[in-house]
Amino acid sequence: MALCIQASSAWGWIGGIGAWCAGEALRKSKSLTYDQVVKGSFDWGQDAIGEMGAIASPATRYVETQKNQIVISALKQLPMGDRLAESFIAAQGLTTDWFQGFEKRSAVICGESRDGKSFLLNWRVQRFLETHPDGEVLIGDIDYGSSHEGTEPNTWGGLPVGNVVLIEPAEITNAIFYVSDTVDQRAKSTAQAVKTGAPRPKYKPILLAIDEWCSYWDTLDEDQQEHIIKALRNICDRGIKQGEVVFVLGLHDLSVGMTGLPRALLRKMEVVLLFRASQSPRNYDNIDPQPRQVQEVINRIGALPKTIRGLRPCVTYSDKQLTVKAIPQLELNPVEYVATGEPIDPDEQWVDEIWTPELEGKIALRMAERVSQGQRPVVPTEFWAMAGQQQRDQRTTNPRYMIFRRRCEALATKLQPEKSDPQDQGGTQCSDLDPSLEVSEA
């Protein structure tokens with residue numbers, strides 16, 4: 001019937017009538033009614049569609065898989081809030097590239113209550129010990145164990161009080177002078193080594209961290225204050241060259257008259273003004289930037305949140321540049337400090353540093369020469385000078401000199417032939433040697 005309707009020529013009519021007749025003959029041979037023929041046609045059509053679906057299903061599944069993959073890829077993108085935060089951080093220039101210099105140089109950290117000053121000082125100490133487990137740490141804190149309401153007392157990770165943590169003003173003063181004197185002694189030893197062509201000595205790093213600097217400063221008289229500033233300037237100028245010797249001071253107020261720190265010294269250090277402290281104009285008076293620049297950084301940091309994706313905005317003053325930066329996300333790991341052996345005697349440690357293998361070799365060679373000439377092997381005056389030390393420090397009341405002298409005697413004993421008679425070579429003891437060359441206490 002469809003062919004007859006669609007036919008546009010006689011041949012189309014003939015074909016349509018032929019197909020109709022063939023279909024009618026088939027219906028009669030199967031004894032089918034017209035209703036059964038129509039129903040069977042629908043069933044056949046559905047089966048054909050199903051077979052076509054089965055054939056096309058792999059392609060359909062491929063398209064669906066691709067769609068799912070695209071959706072998954074989109075889900076892996078940063079949330080809109082994070083993307084906006086990153087764009088904001090980049091637009092504000094809140095970089096953390098300055099922090100590497102802060103880790104290695106002498107610094108001042110100025111922060112008001114709950115600004116994170118003590119946290120940053122503790123992190124600096126922990127970072128130093130992680131990087132230099134053989135280094136020396138001295139901490140001054142006259143408010144040891146104190147805390148803000150709702151926070152844990154600051155005990156510096158349980159480091160021992162009296163040995164590492166110093167809580168008395170006099171102890172902190174002695175520590176500052178000790179570190180400065182160590183820098184001086186190291187500089188002399190280095191100069192002597194270079195002068196004689198020996199390898200430069202290697203020294204242990206030292207970190208001096210003092211919290212509540214302003215409170216400590218108020219305990220000093222004018223004469224002490226003058227000497228303390230001189231010692232800090234010496235550490236700042238020469239400490240990095242002599243084995244990474246640095247100090248870090250924590251304080252609440254950097255204004256003129258509160259810290260005693262001169263501008264010339266602050267310009268050589270890393271100065272960090274934490275979030276709240278950075279918005280106080282008085283904290284900029286002692287670093288002498290341009291007033292317009294101060295107002296710009298105050299306005300910039302005042303418009304920022306206290307934290308952005310773990311970064312904490314701050315103001316830094318380094319190399320005479322005042323800029324808004326960010327402190328990276330930091331964590332204080334729970335650690336247990338384990339001391340190796342007995343506490344180290346600072347005088348013994350000082351002699352260990354100057355008593356290098358090169359110096360010992362030179363002293364041993366000189367001892368052998370003296371023995372071959374029939375002389376006594378130990379001459380403290382000569383060996384003390386070979387170590388680059390001053391004659392005025394060669395006195396029996398100087399514990400460092402006495403330790404050095406005993407080292408020389410022990411070396412002479414070690415170099416003696418096993419069956420030699422000490423009397424034949426004048427002995428190794430030097431208690432009666434050149435007494436006029438040893439400076440008395442008077």
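In this structure, a donor-acceptor pair under 3.5 Å is present between the side chains of Thr173 and Tyr216. Using modelled atom types, one finds no donor on one side chain facing an acceptor on the other under 3.5 Å when comparing Glu270 with Ser106. Using modelled atom types, one finds no donor on one side chain facing an acceptor on the other under 3.5 Å when comparing Lys241 with Thr190. Of the N and O atoms on the side chains of Gln185 and Tyr203, not one donor lies less than 3.5 Å from an acceptor on the other residue. Side chains of Asp143 and Ser215: a donor-acceptor N/O pair is absent below 3.5 angstrom, by distance only. For the residue pair Asn299 and Gln295, a side-chain donor N or O sits within less than 3.5 Å of a side-chain acceptor on the partner. Side-chain contact of Asp285 with Ser255: a donor-acceptor pair under 3.5 Å is absent, judged by distance alone.
Checked by atom type and distance alone, the side chain of Arg186 pairs as donor or acceptor with a backbone atom of Gln242 at under 3.5 Å. Remark: side-chain polar atoms of Asn174 are paired, donor with acceptor, to backbone N or O of Ala170 under 3.5 angstrom. Using modelled atom types, no side-chain atom of Tyr144 and backbone atom of Val165 make a donor-acceptor pair closer than 3.5 Å. The backbone N or O of Glu112 lies less than 3.5 Å from a partner atom in the side chain of Asp115, making a donor-acceptor pair. Looking at Gln279, its side chain never comes within 3.5 Å of a backbone N or O of Arg276 through a donor-acceptor pair. In this structure, Asp141 contributes its side chain and Asp211 its backbone to no donor-acceptor pair below 3.5 Å. A donor-acceptor pair under 3.5 Å is formed between the side chain of Asn122 and the backbone N or O of Ser118. The backbone N or O of Lys204 sits nowhere less than 3.5 Å from a side-chain atom of His132 that would complete a donor-acceptor pair. Side chain of Arg124 to backbone of Glu103: a donor-acceptor contact under 3.5 angstrom is found.
More than 12 heavy atoms of other residues, nucleotides or ligands lie within 6.0 Å of CD in Gln373, so this atom counts as buried by the packing criterion. Other residues, nucleotides and ligands contribute only 12 or fewer heavy atoms inside 6.0 Å of the CZ atom of Arg200. More than 12 heavy-atom neighbours from other residues, nucleotides or ligands sit within 6.0 angstrom of CD on Glu130.
Using a 4.0 Å cut-off between charged side-chain N and carboxylate O, Glu226 and Lys230 make no salt bridge. By the 4.0 Å N-to-carboxylate-O rule, Glu409 lies too far from Lys414 to be salt-bridged with it.
A cation-pi arrangement, defined by a distance under 6.0 Å to the six-membered ring centre and an angle within 45 degrees of its axis, is absent between Arg267 and Tyr317.
In this structure, OG1 on Thr316 lies 6.0 Å from NZ on Lys325, to the nearest 0.5 angstrom.
Between Trp384 and Tyr401, the ring planes are perpendicular. Angles over 60° get that label, and only those under 30° would be called parallel.
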